Undergrad: 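The structure under discussion is supplied below as structure tokens; questions concerning it will follow.
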There are 2 protein chains.
Amino acid sequence: MFFGEYSYKVDEKGRIPLPPNFRAQLKDGLVLAKGMGEKCIAVYSIAEWRRLSEKLAEKALTPANLRRLNRAIFGTAFSASFQGQGRIKLPDPLRTYAGIGDTVIVVGANNRVEIWSEDGWKPEITSAEEQASQIIESGV
Amino acid sequence: MFFGEYSYKVDEKGRIPLPPNFRAQLKDGLVLAKGMGEKCIAVYSIAEWRRLSEKLAEKALTPANLRRLNRAIFGTAFSASFQGQGRIKLPDPLRTYAGIGDTVIVVGANNRVEIWSEDGWKPEITSAEEQASQIIESGV
DNA sequence: TAGCATTGTGGGGAGAAGTGGGGAATTAGG
DNA sequence: CCTAATTCCCCACTTCTCCCCACAATGCTA
């Protein structure tokens, strides 16, 4: 389970660290993918990613659908691992997709980790908070 | 299992490299075919190709159908292998079919690899992503 | 308060991988 | 049988990746 919000610098080689307790949960390997629908990078553990992709594949009704789905899911995913002191390299296609410059916001989101650009994160979190408080007001 | 999205240049001799990762999985030989339904080149391992063609043959209901199918599938397929530093030569017919100029996008799509022209890939992936996020919205 | 451990940040260097091109061997066509 | 074109093996250069080490800042401990 992933928690919290952290800010890191992207160094000249495109690397970022992850919070130490995220590392522990991801030590068996991780998968980087496009955040579906949002302009961010999604990080999954191997197990979680497999579970997710299988579940998605079940939803494809036709072979053509399945091909496109595989393209969207696998084509945008990169497996990665920690190098040296626990940093990962952000693949260029994903970095461009998420509009990441030299600072990232790393966010724990329950079953996955999300990596946002500074500019992408601010509007996202404010509207998400708004929505959350509405849901809470309606009774939890 | 094939992952990720990579961009490569086609050199003057019509060769492209494949990601080291993919090479290892295809070292026993590979088959190039037209992407069924899409304007791209599909790359299969020998084993996967055999599995696929057997499956297709089962679906052919009449001998005439089977002949046509065989023509369409085997007639346009090329077996290839890695030469020198791990590059493959793109057969001219397939190259024209996929509209490939001097840059390709190599995409891992689970059980196969796809080779796209730059111009063909962009619209395909955007609509594929749209479709995927719709499926996600409908509840995973 | 002093010292130690952990963690973020920067960078050097060896090796791998992408790119370009020469030349021998094989094939096709006249 | 000879010539031309294509294929494929090899070599060379450049770029990038990844492993390593170092330093600074922070927080904990004694």
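Note that the structure is predicted; figures quoted are calculated from it, not measured. Order of the sequence lines sets the chain letters (A, B, ...), proteins ahead of strands, with each chain counted from 1. Keep in mind that the numbers below use all heavy atoms, side chains included, and drop hydrogens, waters and symmetry copies.
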Undergrad: Tell me if the CG atom of B:Asn111 is crowded by more than 12 foreign heavy atoms within 6.0 Å.
TA: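 For B:Asn111, atom CG is crowded (more than 12 foreign heavy atoms under 6.0 Å).
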Undergrad: Mind calculating the distance between CD (A:Gln85) and P (D:dC21) to the nearest angstrom?
TA: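 In whole Å, D:dC21 P and A:Gln85 CD are 9 Å from each other.
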Undergrad: Would a distance-only check, ignoring hydrogens and angles, find a side-chain to backbone donor-acceptor pair under 3.5 Å from B:Gln83 to B:Ile88?
TA: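 Judged by distance alone, no pair lies under 3.5 Å.
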Undergrad: How close or far is atom P of D:dC20 from atom CD of A:Gln83, stated in whole angstroms?
TA: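 The distance from CD of A:Gln83 to P of D:dC20 comes to 11 Å, rounded to the nearest Å.
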Undergrad: Below 4.5 Å, heavy atoms only, C-beta onward: do B:Val113 and B:Val107 meet side chain to side chain?
TA: no
Undergrad: Measure across B:Arg112 and A:Asn70 and return the closest heavy-atom pair with its distance rounded to 0.1 Å.
TA: NH1-ND2, 4.4 Å
Undergrad: Apply the test ring-ring contact (aromatic ring centres under 6.0 Å, His included) to residues A:Phe78 and B:Tyr6: give CA-CA distance (whole Å), side-chain angles for both, the deciding distance (0.1 Å), then the verdict.
TA: CA-CA 10 Å; A:Phe78 291 82; B:Tyr6 307 85; 5.7 Å; yes
Undergrad: Give the other cluster members for B:Ile46, using side-chain heavy-atom distances under 4.5 Å between Ile, Leu, Val, Met, Phe, Trp and Tyr residues; answer none if it is isolated.
TA: B:Val31, B:Met36, B:Tyr44, B:Trp49, B:Leu52, B:Leu56, B:Leu69, B:Ile73, B:Phe74
Undergrad: Reading DNA chain C from 5' to 3', where do the contacts with chain A start and stop? Cut-off is 4.0 Å to heavy atoms.
TA: C:dT7 to C:dG13
Undergrad: Return the set of residues passing salt bridge (Lys or Arg N to Asp or Glu O under 4.0 Å) with B:Arg95 (not counting sequence neighbours), or none when no residue passes.
TA: none
Undergrad: Could you check whether A:Arg68 pairs with B:Glu124 (Lys NZ or Arg NE/NH1/NH2 to Asp/Glu carboxylate O, under 4.0 Å)?
TA: yes
Undergrad: Could you pull out the protein-nucleic contacts involving nucleotides 26-28 of chain D (nitrogen or oxygen on both sides, under 3.5 Å)?
TA:
none

Undergrad: Checking B:Glu114 against B:Trp121: is there a side-chain donor and acceptor pair closer than 3.5 Å?
TA: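 Distance-only check fails for B:Trp121 and B:Glu114.
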Undergrad: I'd like to know if the side chain of A:Arg15 and the backbone of A:Val10 have a donor-acceptor N/O pair within less than 3.5 Å.
TA: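 No, A:Arg15 side chain to A:Val10 backbone: no donor-acceptor pair under 3.5 Å.
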Undergrad: Scan residues 1-19 of chain B against DNA chain D and write down, sorted by residue number, each residue with any heavy atom closer than 4.0 Å; if none is found, say none.
TA: B:Lys13, B:Arg15
Undergrad: So that I can tick it off, tell me whether A:Arg51 and A:Glu48 are bridged by a salt bridge, with the cut-off set at under 4.0 angstrom between side-chain N and carboxylate O.
TA: yes
Undergrad: How about CG on B:Asn65, more than 12 heavy atoms from neighbouring residues, nucleotides or ligands closer than 6.0 Å, or not?
TA: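 Atom CG in B:Asn65 is crowded, with more than 12 foreign heavy atoms closer than 6.0 Å.
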Undergrad: Identify whether the distance between the nearest side-chain nitrogen and carboxylate oxygen of A:Arg71 and B:Glu38 falls below 4.0 Å.
TA: yes
Undergrad: Atom CG of B:Leu90 and atom P of D:dT7: how far apart are they, to the nearest Å?
TA: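 So the two atoms are 11 Å apart, to the nearest Å.
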Undergrad: Closest-nucleotide mapping onto DNA chain D: is B:Gly84 or A:Lys89 further toward the 5' terminus? I mean the 5' end.
TA: B:Gly84
Undergrad: When the C1' atoms of the five terminal pairs at each end define the local axes, what inter-axis angle does the helix from C:dT1-D:dA30 to C:dG30-D:dC1 show, to 10 degrees?
TA: 20°
